[in-house]
There are 2 protein chains.
Amino acid sequence: MAATAKERGREARERLLRAAAELITERGWTGVTTRAVAERAGVTAGIVHYHFDSVDALLAETAVGTMRAATAWLKTALERVSSADEALTTLLAALDSYGGNDPESVLFVEAYLAATRDPGLRERISAVLTELRTALADRFTEHGITDAEETAAVVVASLDGLVMHRALNPALTTGTVRPVLRRLLGTEQDGGSDRHDEPSDDCTTTDGRDRL
Amino acid sequence: MAATAKERGREARERLLRAAAELITERGWTGVTTRAVAERAGVTAGIVHYHFDSVDALLAETAVGTMRAATAWLKTALERVSSADEALTTLLAALDSYGGNDPESVLFVEAYLAATRDPGLRERISAVLTELRTALADRFTEHGITDAEETAAVVVASLDGLVMHRALNPALTTGTVRPVLRRLLGTEQDGGSDRHDEPSDDCTTTDGRDRL
DNA sequence: GATCGCCTTGGGCATATGCCCAACTTCGAC
DNA sequence: GTCGAAGTTGGGCATATGCCCAAGGCGATC
């Protein structure tokens, strides 16, 4: 058996990260406590400060890690895209995959706010966000979207805003907002701009990618 | 003499509300404490629970009150608007009026997240948001925007998203994002989307940076 | 088997927090 | 002048919280 102690330590650490992610969305960033996260992870409270310097360090690690994973996934998904509209669809699909009361995207918003009060976290989150924004802008440039940089920035921000508002207004399904968001791309392809509720064409048609 | 005691009580209550608003953005919703808000308001801690049932009640009152005031102001501003584009400009100007490190709009985002965990607050915030969204949608309908309801919803959500992202990315000035956001209105007025003829309340700050 | 490194435990300390309350002040009404 | 309502004060209680630490496993290495 390979390093049982080390392995268990690693697992405990990851369980803490997962527990923290849940609790951030449930209680809010500043509402996560040492003992709560330890209990959720099934470990004792002392463990938290063995694996992390502080509760805030745990939360930052959780947020940055989650965002990095999501961004990495989205970047590879965007690489397979063959039009700007498809890129938008990919992002919307990712947004939908978390269902309505999506825990993960609320975590992002909590992280943004926490970054407002923590310069170090802000730096790390900005880096991830820039990465995603740049990847999207590259697709846009590639497919002839004007103001690609600015458009990408607005699209990413808008999607985060929609995530937030959807928590209060369930009518904001991706199907509903997609026709409107498409206008952001500036392509005047006039594809029947008033049809809502796209049935199920939300998945990019290429290889199987219905997971996330 | 007009009720001095009653008057002072009222003032203390309002000072508490203002102090709470500041602290919510500084420390986050769940980071606001009885004593901190009392100290900021210049009263003793006992006062807080005399005027409000609980700290959470204080916070909710603060958030809803602030949002109601902002919405009321925006509604009257929107009434004077003579085009959909001008409506957008009005909203952007309001967004800018709070300067870069705007305390108020961060408060809104904090409130959205808190509403996620408090059904009562969620109800109240949804009502205010619906009011604003409807007022905007009315303007849009009036000026021939297709999908007025959906467009209004997306615009409001996008602006909140931009507020959040601007806290991390100062390049997201209204001047920078305005040309992109105009596309949301679906009015295909000329391709050059970076020129506008409304000279009056041009709120755009002198955008220094263009690289996002 | 002894030793070492990594992980874990459970308790503990100083402080913070929400909320309460009895006594006190203030000021208009009678 | 007395009374009562509205507001204020300062202390206090039970609990929660962040972080620490000495002691205890436990497998790998020698």
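All chains are named by letter (A, B, ...) in the order of the sequence lines, taking the proteins before the strands, and each is independently numbered beginning at 1. Hydrogens, waters and symmetry mates play no part in the numbers below; they use all other heavy atoms, side chains included. What you are looking at is a predicted structure, and each value in this text was computed from that prediction instead of being measured.
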Heavy atoms, side chains only, cut-off 4.5 Å: are B:Arg40 and B:Leu23 in contact? yes

Side chains of A:Tyr112 and B:Val109: closer than 4.5 Å at any heavy-atom pair?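 Not in contact.
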
From the options A:Leu185, A:Thr151, A:Val154, A:Leu181, select the one residue that forms a side chain to side chain contact (heavy atoms under 4.5 Å, CB included) with B:Arg183. A:Thr151

At 4.0 Å (heavy atoms only), tell me whether A:Val37 reaches a base, stays on the sugar-phosphate, or touches nothing.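 Touches nothing.
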
Taking only N and O in the side chain of A:Thr34, is any of them less than 4.0 Å away from OP1 or OP2 of D:dG18? yes

Go through A:Arg178 and A:Thr89 one step at a time and tell me if the side-chain hydrogen bond (donor to acceptor under 3.5 Å, both in side chains) criterion holds. CA-CA 8 Å; A:Arg178 208 174 89 97; A:Thr89 301; 2.5 Å; yes

To the nearest Å, how far apart are [X] [atom1] and [N] [atom2]?
{"X": "A:Leu23", "N": "D:dA16", "atom1": "CG", "atom2": "P", "result": "16 Å"}
{"X": "A:Glu11", "N": "C:dT8", "atom1": "CD", "atom2": "C1'", "result": "14 Å"}
{"X": "A:Glu39", "N": "D:dT17", "atom1": "CD", "atom2": "C1'", "result": "14 Å"}
{"X": "A:Trp29", "N": "D:dT17", "atom1": "CH2", "atom2": "C1'", "result": "18 Å"}
{"X": "A:Arg35", "N": "D:dT15", "atom1": "CZ", "atom2": "P", "result": "14 Å"}

Under a 4.0 Å heavy-atom cut-off, which of residues 42-59 of chain B touch DNA chain D?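 Close to the strand are B:Thr44, B:Gly46, B:Ile47, B:Tyr50, B:His51.
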
Which heavy atom in B:Trp29 sits nearest to a heavy atom in B:Ala111, and how many Å separate them? CZ3-CA, 3.9 Å

Between the side chains of B:Arg18 and B:Glu22, is the shortest nitrogen-to-carboxylate-oxygen separation below 4.0 Å, so that they form an ion pair? no

